[in-house]
Amino acid sequence: MATIQAPRGMRDILPGEVERWQALEARIHDLAARHGFREIRTPVVEHTEVFQRTVGEATDMVEKEMYTFTDRGGRSLSLRPEGTAAVMRAYLEHGLRQQPQPARLYYIAPMFRYDRPQKGRYRQHTQFGAEVIGSAHPAADAEVLVLPIRLMQSLGLTEIEVRLNSVGDAVCRPRFLEALRAYLRPRAAELCEDCRRRLERNPLRVLDCKREGCHRIAQGAPSSIDHLCEACAAHLEGVRRQFDLLGVPYRLDPSIVRGLDYYTRTAVEVFSGRLGAQNAMFGGGRYDGLAEQLGGPPTPGVGFGFGMDRLLLALDGEGGAPAADRQVQVMVVTIGPAAASRGVQVADRLRGAGLRVETDLLGRDLRAQLKHADRVGVRYAVLLGDDELRSGVVILREMASGEQASVPEEGAAAALAARLAAPPAAGKGRWR
Ligand code: HAM
């Protein structure tokens, strides 16, 4: 019988790779704290309408990419395809507006999209996202959007291309959409089937259609920036000023309309030269109408979502995200059944003292245990036989040099800690 594999587009992250994730996550928690953001965790599933109403019925995400199912109680639930609507749902549900405003929230969470998998695009991916909810000020846009830029810079990713646009608001968007329809109608025959269907209902989606023909037509389309009302134009100016204050280089790009319907005003996408076709590192923007779409009071918000899988791809082969040091340090090696029993207690005590310790679980003989210690890469073995049991000592063996020293059992943790604090010896005389 063939062995079962993980679902297509979903990956296992094995030991060896997982350390890079842990290091990146630690860096993100640290960065977010320095910027005054606090973590929020929402369920992996939401009521389907959370996304239907906000991301939009006529978007690829809702039409084609959601993992939607009916639970045993007959409710329609969906695996979270994105974080913003879920975070806003939680903000409204728990009355977070009663707390100091704006709320500054971030998450590191898996997202699920039934898309065609390729390098950098998965059916389960993980996003680092942050949202500032409760401020309509352009400083909020820059405040949250600078976070992922600082993250990339701190990781040595300097080829960053920030593309900024404004998609307007409820005042000016209708005018822009009318101009867009007027441009698209005579070209409808050249559009793909999806776009022809969306032309009247949601013409903005034509602008981010990935198909070649639609993309060509989109390039000549009227731009939202030319149709902004006064307030939206002033907001865009404000964001640009804030970016300048922070030294964030950016380019105005009217083609950035984002694939989700909830955006108002600011829309941003950031690219890295290090990635291929799937080169959007993060995307985000403002969503001042989202709270109302979920039945809440008018509440402005702005944020971003950063593809962590893509970030790690871009860093591949680089020292950018240093792996956290979780390497096992010590192997307890025992000879004979009495020593094996004592070894269990010795290991337990060493672990209690903060050391990273492994023991033999296969009943190996001395030689095989030492060979295993070598393969695992511990710096020290703690040797324990009947002689040592009788005299209450253990032998510390430095694996690289083969040097051994006998120390009282109760002093072993301190002796090991002191030795481990010193730089490792050169790799001579390894056990064979
Ligand atoms: P999004 O542009 O759909 O925005 O996704 C954000 C980021 O997630 C992308 O720039 C990309 O790096 C990563 N990403 C998206 N899909 C995949 C995939 N299939 N495989 C790997 N990585 C992927 C949002 O989700 C919004 N919620 C962002 C936001 C937050 N806007 C305001 N606040």
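Just so you know, ligand 1 is whichever comes first in the structure, and atom 1 is the first atom listed for that ligand. Note that the numbering runs from 1 along the sequence shown for the chain. Keep in mind that this is a model prediction, so the values were computed, not measured.
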Chemist: Would you call Glu46 and Arg89 a salt bridge, taking side-chain N to carboxylate O under 4.0 Å as the test?
Modeler: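 Yes, this pair counts.
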Chemist: Report yes or no: does Arg286 have a heavy atom closer than 4.0 Å to ligand 1?
Modeler: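 For ligand 1, residue contact (heavy atoms, under 4.0 Å) with Arg286 is absent.
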Chemist: Between Phe304 and ligand 1, find which residue part has any heavy-atom pair under 4.0 Å and reply side chain, backbone, both or neither.
Modeler: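 The answer is the backbone of Phe304.
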Chemist: Can you tell me which residue and heavy atom of the protein come closest to atom 33 (N) of ligand 1, and the distance to 0.1 Å?
Modeler: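 Its nearest protein heavy-atom neighbour is Glu131 OE1, 2.8 Å.
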Chemist: What part of Glu269, side chain, backbone, both or neither, has a heavy atom within less than 4.0 angstrom of ligand 1?
Modeler: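 Near ligand 1, Glu269 shows nothing, with every heavy atom at 4.0 Å or more.
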Chemist: Looking at ligand 1, does Ala280 have a heavy atom less than 4.0 Å from it?
Modeler: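 True for this residue.
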Chemist: Would you indicate which of Arg310, Met111, Arg258, Met281 comes nearest to atom 1 (P) of ligand 1 when only heavy atoms are counted?
Modeler: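 Minimum heavy-atom distance to atom 1 (P) of ligand 1 goes to Arg258.
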Chemist: Is the ring pair Phe128/Phe304 parallel, tilted or perpendicular, if the boundaries are 30 and 60 degrees?
Modeler: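 Because their plane-to-plane angle is over 60°, the rings of Phe128 and Phe304 count as perpendicular.
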Chemist: For Gly259 and ligand 1, answer yes if some heavy atom of the residue is under 4.0 Å from a ligand atom, otherwise no.
Modeler: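 Gly259 does not count as a contact of ligand 1 under the 4.0 Å cut-off.
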Chemist: Testing Arg251, Arg258, Arg163 one by one against Glu269 for a salt bridge (Lys or Arg N to Asp or Glu O under 4.0 Å), which residue passes?
Modeler: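 Answer after filtering Arg251, Arg258, Arg163: Arg258.
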Chemist: For atom 19 (N) of ligand 1, tell me which residue out of Phe128, Tyr114, Tyr122 has the closest non-hydrogen atom.
Modeler: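 Heavy atom nearest to atom 19 (N) of ligand 1 belongs to Tyr122.
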Chemist: Please list the nearest protein heavy atom to atom 30 (C) of ligand 1 with its residue and the distance rounded to 0.1 Å.
Modeler: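 Going atom by atom, the protein heavy atom closest to atom 30 (C) of ligand 1 ends up being Thr84 OG1, 2.9 Å.
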Chemist: Which atoms of ligand 1 are found less than 4.0 Å from any heavy atom of Gly120?
Modeler: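 Near Gly120, the atoms of ligand 1 are 20 (N), 21 (C), 22 (N).
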Chemist: With the side chain counted from C-beta on, respond yes when Arg198 and Leu191 share a heavy-atom pair under 4.5 Å apart, and no when they do not.
Modeler: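 The answer is no, as the side chains (C-beta and beyond) never meet within the 4.5 Å cut-off.
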Chemist: Counting only nitrogen or oxygen atoms and a 3.5 angstrom limit, does Arg121 reach ligand 1?
Modeler: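 Among all N and O atoms of Arg121, none is under 3.5 Å from an N or O of ligand 1.
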Chemist: Indicate, as side chain, backbone, both or neither, the part of Phe112 found under 4.0 angstrom from ligand 1 when only non-hydrogen atoms are considered.
Modeler: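 The answer is neither; Phe112 stays 4.0 Å or more away.
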Chemist: Decide whether a cation-pi geometry holds between Arg41 and Tyr107; the criteria are a distance under 6.0 Å from NZ or CZ to the six-membered ring centre and an angle within 45° of the ring axis.
Modeler: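 No, Arg41 does not sit over the ring of Tyr107.
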Chemist: With a 4.5 Å cut-off on side-chain heavy atoms, are Ile133 and Met88 touching?
Modeler: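 They are in side-chain contact.
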Chemist: Output yes when the distance from some N or O of ligand 1 to some N or O of Tyr287 is under 3.5 Å, and no in every other case.
Modeler: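 Tyr287 vs ligand 1: no N/O contact under 3.5 Å.
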Chemist: For atom 6 (C) of ligand 1, what's the nearest protein heavy-atom neighbour? Residue, atom name and distance, please.
Modeler: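 That would be Gly305 O, 3.2 Å.
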Chemist: Would you mind running through ligand 1 and noting each atom that sits below 4.0 Å from a heavy atom of Tyr262?
Modeler: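 Reading through ligand 1 atom by atom, the close ones are 26 (C), 27 (N), 31 (N).
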Chemist: Out of Leu164, Asp141, Val146, which residue meets the side-chain contact (heavy atoms from CB on, under 4.5 Å) rule with Phe243?
Modeler: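 It is Leu164, the one option of Leu164, Asp141, Val146 that forms the side-chain contact (heavy atoms from CB on, under 4.5 Å) with Phe243.
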Chemist: Return the residue, atom name and 0.1 Å-rounded distance of the protein heavy atom closest to atom 23 (C) of ligand 1.
Modeler: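 The closest heavy atom on the protein side is His125 CD2, 3.3 Å.
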Chemist: Among protein heavy atoms, which sits nearest to atom 8 (O) of ligand 1, and what does the distance come to when rounded to 0.1 Å?
Modeler: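 Result: Gln127 NE2, 3.3 Å.
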Chemist: Check ligand 1 against Glu82 and write out every atom of the ligand that is under 4.0 Å from a heavy-atom position of the residue.
Modeler: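 Answer for ligand 1: 25 (O), 26 (C), 27 (N).
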Chemist: Heavy atoms only: which of Arg123, Arg113, Met61 lies closest to atom 25 (O) of ligand 1?
Modeler: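 It is Arg113 whose heavy atom sits nearest to atom 25 (O) of ligand 1.
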Chemist: Other residues, nucleotides and ligands only: do more than 12 of their heavy atoms fall within 6.0 Å of CD on Glu193?
Modeler: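 Counting other residues, nucleotides and ligands, CD of Glu193 stays at 12 neighbours or fewer.
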Chemist: Counting heavy atoms only, name the option from Tyr107, Phe282, Tyr263 that's nearest to atom 31 (N) of ligand 1.
Modeler: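 Answer by nearest heavy atom: Tyr263.
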Chemist: Can you find an N/O atom of Gly307 closer than 3.5 Å to an N/O atom of ligand 1?
Modeler: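 Yes, Gly307 has an N/O under 3.5 Å of an N/O on ligand 1.
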Chemist: Does the ring of Tyr183 carry Arg187 above it, NZ/CZ under 6.0 angstrom from centre and within 45° of its axis?
Modeler: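 Flagged: Arg187 positioned over aromatic ring of Tyr183.
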